[in-house]
Amino acid sequence: MNSSAPSQTAFSLNQAGHLLLIAGPCVLETRDLAFQIAEQLCQIAQRHPIQLVFKASFDKANRTSIHSYRGIGLEEGLKLLAAVRSEFGIPVTTDVHESCQAAPVGEVCDILQIPAFLARQTDLLVAAAATGKAVNVKKGQFMAPGDMKHVVEKLKEAEASQTLLTERGTFFGYGRLVNDMRALIEMRSLGVPVVFDATHSVQEPGGLGSQTGGNRAMVAPLAKAAAAVGIDGLFLETHPNPDQSPSDGPNMIPLAELESLIDRVLAVRTAALG
């Protein structure tokens, strides 16, 4: 048991004005790995003005190939997320791909994440809102930031407790994403907190043939740029050895390098706020 774990309380965005950090592995693999990552994230959070939320997927339903690893499944995944939440006293989040997943996920997770490809799915948004938990919607790669006003309206009508929007890049031709930092300002103008997903923003869809590629060297520059523009939260996927991760390895940050990146982002954010 982590004796230094913070007391477990209901999720409330940006306590004390801290930067929200949503971080963890792309997909759940083993209990030992999830606990290793969660423990190091907690240690980082104790040393920095950040509000930590642990993120990991129980199922990657949109993998490029049908033969790719998808995860440990809903039942086992929620058990593991509940164990992380209990052991370390931190909020947890995961993504939901179908309306029927929202209720069981809402029993465990503090935030329900809506994947970018599903940002317009009304029934999924309504089901997520019905859990009473916060809902974080990733802007579709095919959507203009202003179009996210309809997502916010749907969640408002469904009486979502809290709404967050996440920017994760926009399609540019084939196999490439680009970031228009104006999107952060436009989505913030909708009256909801905005998160920047620095690791999915450097994806190269289909870049490895049957797998998604990426360029993790671009994560830090984009994260710092987003912090300079103004963000409420930062989303980062991390792994002790990203190149051995069964999903999104090329764009994930090595766990050993994460704290240095957070230091730089916080320095930029502090300067921008000052």
Side-chain angles (χ1 to χ4, degrees), residues 19-27 53 55-57 60-64 93-97 111-121 124-125 128 134-152 155 163-188 190 192-207 211-239 242 245 247-253 261 265:
L19 177 71
L20 174 67
L21 176 65
I22 303 174
C26 177
V27 63
V53 175
K55 178 272 167 186
S57 299
K60 303 300 294 184
N62 59 350
R63 295 303 305 272
T64 302
T93 186
T94 194
D95 37 9
V96 293
H97 293 85
I111 305 174
L112 275 68
Q113 179 176 291
I114 308 298
F117 286 130
L118 302 176
R120 290 170 52 98
Q121 297 298 103
L124 184 59
L125 293 169
V135 182
N136 178 27
V137 186
K138 293 197 170 185
K139 178 181 75 64
Q141 302 94 324
F142 48 89
M143 295 176 68
D147 291 339
M148 293 299 284
K149 67 183 178 183
H150 302 298
V151 172
V152 173
L155 289 170
T163 297
L164 299 84
L165 299 180
T166 294
E167 164 64 17
R168 49 110 350 123
T170 300
F171 285 138
F172 182 77
Y174 297 108
R176 188 80 181 269
L177 297 173
V178 297
N179 285 101
D180 180 353
M181 294 300 173
R182 294 174 297 181
L184 298 169
I185 299 171
E186 291 184 43
M187 290 197 297
R188 248 186 166 184
L190 300 177
V192 297
V194 171
V195 179
F196 181 69
D197 181 345
T199 46
H200 285 100
S201 287
V202 302
Q203 277 186 338
E204 296 173 358
Q211 297 179 10
T212 293
N215 182 4
R216 70 173 64 99
M218 291 293 104
V219 170
L222 288 176
K224 289 186 290 183
V229 170
I231 50 174
D232 302 283
L234 182 65
F235 181 106
L236 294 165
E237 288 185 337
T238 186
H239 192 281
S245 170
S247 178
D248 277 357
N251 50 266
M252 284 202 287
I253 293 295
L261 172 57
V265 170

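Hydrogens, waters and symmetry mates play no part in the numbers below; they use all other heavy atoms, side chains included.
What you find for Val96 and Leu118 is that their closest heavy atoms are O-CD1, 4.2 Å. Nearest heavy atoms, Lys139 versus Thr170: NZ-OG1, 3.3 Å. For the pair Ala119 and Val137, the tightest heavy-atom approach, listed with the atom from each and the gap, is CB-CG1, 3.8 Å. Across all their heavy atoms, Gly169 and Ser201 have their closest contact at N-OG, 3.7 Å. Closest of all the heavy-atom pairs between Ser245 and His239 is CB-CD2, 3.8 Å. Heavy-atom minimum distance, Ala56 versus Thr94: O-OG1, 2.7 Å.
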- Message: Would Leu190 and Leu165 count as a side-chain contact (heavy atoms from CB on, under 4.5 Å) here? Give the steps.
- Response: CA-CA 10 Å; Leu190 300 177; Leu165 299 180; 4.0 Å; yes
- Verify side-chain contact (heavy atoms from CB on, under 4.5 Å) between Arg168 and Gln141, making sure each step is shown before the conclusion. CA-CA 7 Å; Arg168 49 110 350 123; Gln141 302 94 324; 3.4 Å; yes
- Show the numbers, then the answer: is there a side-chain contact (heavy atoms from CB on, under 4.5 Å) between Phe235 and Lys138? CA-CA 11 Å; Phe235 181 106; Lys138 293 197 170 185; 3.5 Å; yes
- Kindly determine whether Met181 and Glu167 satisfy side-chain contact (heavy atoms from CB on, under 4.5 Å), including the steps that lead there. CA-CA 9 Å; Met181 294 300 173; Glu167 164 64 17; over 6 Å; no
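Interatomic distance, CD of Glu237 versus CD1 of Ile22, reported as 11.0 Å (0.5 Å rounding). Rounding to the nearest 0.5 angstrom, the gap separating the CG atom in Leu236 from the CZ atom in Phe196 is 9.5 Å. We find the CE-NE2 distance between Met143 and His150 to be 8.0 Å, quoted to the nearest 0.5 Å. Annotation: the span from Arg216 atom CZ to Met252 atom CE amounts to 8.0 Å, rounded to 0.5 Å. The CE atom of Met218 sits 11.5 Å away from the CG atom of Asn179 when rounded to the nearest 0.5 Å. Here CG of Leu177 is found 6.5 Å from CZ of Phe171. Values are rounded to the nearest 0.5 Å.
Two residues are said to be in side-chain contact when any heavy atoms from C-beta on lie closer than 4.5 Å; Val229 and Arg182 fail this criterion. For the pair Pro115 and His97, the minimum side-chain heavy-atom distance is below 4.5 Å. No side-chain heavy atom of Asp232 sits under 4.5 Å from any side-chain heavy atom of Leu20.
Between the side chain of Asn136 and the main chain of Gln113, no donor-acceptor pair closer than 3.5 Å is present. Under a 3.5 Å cut-off, the side chain of Thr238 and the backbone N or O of Ile253 do form a donor-acceptor pair. In this structure, the side chain of Lys55 engages the main chain of Cys26 through a donor-acceptor pair within 3.5 Å.
Side chains of Thr199 and Asn251: a donor-acceptor N/O pair is absent below 3.5 angstrom, by distance only. Between Asp197 and Thr166, the side chains place no donor N or O within less than 3.5 Å of an acceptor N or O (distance only, hydrogens not considered).
Comment: Arg120 does not engage Asp147 in a salt bridge, judged by the lack of any side-chain N to carboxylate O separation of less than 4.0 angstrom.
Crowding of Phe142 atom CZ: a count of heavy atoms from other residues, nucleotides or ligands under 6.0 Å exceeding 12.
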